[in-house]
Amino acid sequence: MSDGIQRQYASRIEGMTSFKVVDFLEAAVKMEAQGRDIVRMEAGEPAFPTAPAIIEAASAALRDEKTFYTPSFGIIELREAIAGFYQTRYGLNIPAERVVVTTGSSAALGLICDLIINPGDGLQLTDPGYPCNANFVRRAGGEPQLIPVDADNAYQLTPEAVAAYWQDNTVGVLVASPSNPTGEMLSRDNQRGINDVVASHNGVLIMDELYHGLVYDQQESSILEINNDAMVINSFSKYFGMTGWRLGWMVVPEDALEPINIMAQNFYISPPSIAQYAALGAFEPATIEIMEARRAEFRQRRDYLVPALRELGFSIPNMPAGAFYIYAGIEKLAADSEAFCWDMLERAEVAFTPGTDFGEHLARQHVRFSYTQPMDRLELAVERLSKALAS
Ligand SMILES: Cc1ncc(COP(=O)(O)O)c(C=O)c1O
């Protein structure tokens, strides 16, 4: 029972926005509990089970009682395995000492923002973009500097935009490629161009490479190929499908290691031990084979869904290059994405997310579909949407 006292909580919360996808997720779960069948296309997590080698590594860790704190930067075997992954994936020689294992990439985003942002500093972000980024900036006392991006530029920043929006208080840029919510990528030329603009201001370039490995028609390149001192965020959540294990990592320049270590020790002590030992199974050839088969499956789903949604009246100017998202315009179908998503959840029993979760720029005219469900469910979603839109 409430004690009736009116408490004054910290003002930093006031500017923070809720994560709307969770509102839809909770509504969908409630409807399912009432016995309704909802096609779930709102959340950004693969519906595949954890790969057997990862489960086996976790079971062995439990049997061997690897249940204690680890070093703050993670167990050295895992840091070495991640460094090895940069060698095999990108031909890059990254010392394991520069790899910092974190509690999901969310913790890495928080640590980097706390590292580079003084109160009043600005960090450039895309609009639309991953919604939590702006709140990490706010938590550090900074100002999210949102740059509107459009389909013409693959919903990504350009060097020109970064230069034009750079302000006296700007300290850096955070870009995700492929991006959430659009699945679109930053071209190598634009990576290089943005890197040059940021360097000319002595700023920090943070690249979120979380959806690497989920790219369908091209070979992705890491920003570390261009700038060895860029800050890179990555995670076991998406390509390796380990969302609930809460494990991510970052690659940072050497001079950032000590301050990050101080924060990590104080704020989290260490990432979860069992998840770290489990993740050693992620780099085994058998697991990579499974993940590559899943990549092919995601590609098939994208290739089915994009034309099917276009047929229903959604506008999708470009074929998204990666991730498992489709950012679709609804201008021919409805005036307001939030009302539209609630309506479709109720009438079509399909859950997807309004653009307003990802920023302000044309957010009421867009929605995000996540194709993490199997093909037969996606077909059912299209059938249901088709009926609901016709009535
Ligand atoms: C672009 C992007 N960055 C970071 C995250 C955080 O993921 P996690 O903390 O699971 O690694 C997400 C999650 O959806 C994301 O889409």
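These figures come from a predicted structure and were not determined experimentally. Read the numbers this way: they start at 1 and go in the same order the structure lists the ligands and their atoms. Residue numbers start at 1 and run along the sequence shown.
Proximity annotation for atom 15 (C) of ligand 1: of Leu109, Leu210, Thr103, Leu210 comes nearest, heavy atoms only.
Under 3.5 Å, the side chains of Ser221 and Arg188 contain a donor-acceptor pair of N or O atoms.
Between Thr243 and ligand 1, a contact under 3.5 Å exists for no N or O pair. For ligand 1, the polar-atom distance check against Tyr325 finds no nitrogen or oxygen pair separated by under 3.5 Å.
Considering all non-hydrogen atoms of both residues, Pro271 and Val101 come closest at CG-O, 3.3 Å. Listed here is the closest heavy atom pair of Thr158 and Ile194: C-CG1, 3.9 Å.
Within ligand 1, the atoms closer than 4.0 Å to a non-hydrogen atom of Arg246 are 8 (P), 9 (O), 10 (O), numbered from 1 in the order shown. Near Lys238, meaning under 4.0 Å from any of its heavy atoms, are these atoms of ligand 1: 13 (C), 14 (O). Interface atoms of ligand 1 facing Ser106, defined by a heavy-atom separation under 4.0 Å, are 6 (C), 8 (P), 9 (O). Atoms of ligand 1 found under 4.0 Å from any heavy atom of Tyr211, numbered from 1 in the order shown, are 1 (C), 14 (O), 15 (C), 16 (O). In summary, the atoms of ligand 1 found under 4.0 Å from a heavy atom of Gly104, numbered by their order in the structure, are 9 (O), 11 (O). With ligand atoms numbered from 1 in the order given, ligand 1 contributes 1 (C), 2 (C), 3 (N), 4 (C) to contacts under 4.0 Å with heavy atoms of Asp208.
Under a 3.5 Å cut-off, the side chain of Gln156 and the backbone N or O of Ala176 do form a donor-acceptor pair. A side-chain donor-acceptor contact under 3.5 Å links Arg79 to the backbone of Glu97.
Closest to atom 10 (O) of ligand 1 among all protein heavy atoms lies Ser237 OG, 2.7 Å. Nearest to atom 7 (O) of ligand 1 among the protein's heavy atoms is Ser105 OG, 3.3 Å.
A perpendicular orientation is assigned to the rings of Phe283 and Phe240, their planes being inclined by more than 60° (bins at 30° and 60°). The aromatic rings of Tyr327 and Phe358 stand perpendicular to each other, their planes meeting at an angle above 60°, with 30° marking the opposite boundary.
Residue contacts with ligand 1 for Phe236 are absent, since no atom lies close enough (heavy atoms, distance under 4.0 Å).
Residues Phe85 and Ile76 fall into different hydrophobic clusters, defined by Ile, Leu, Val, Met, Phe, Trp and Tyr side chains chained together at heavy-atom separations under 4.5 Å.
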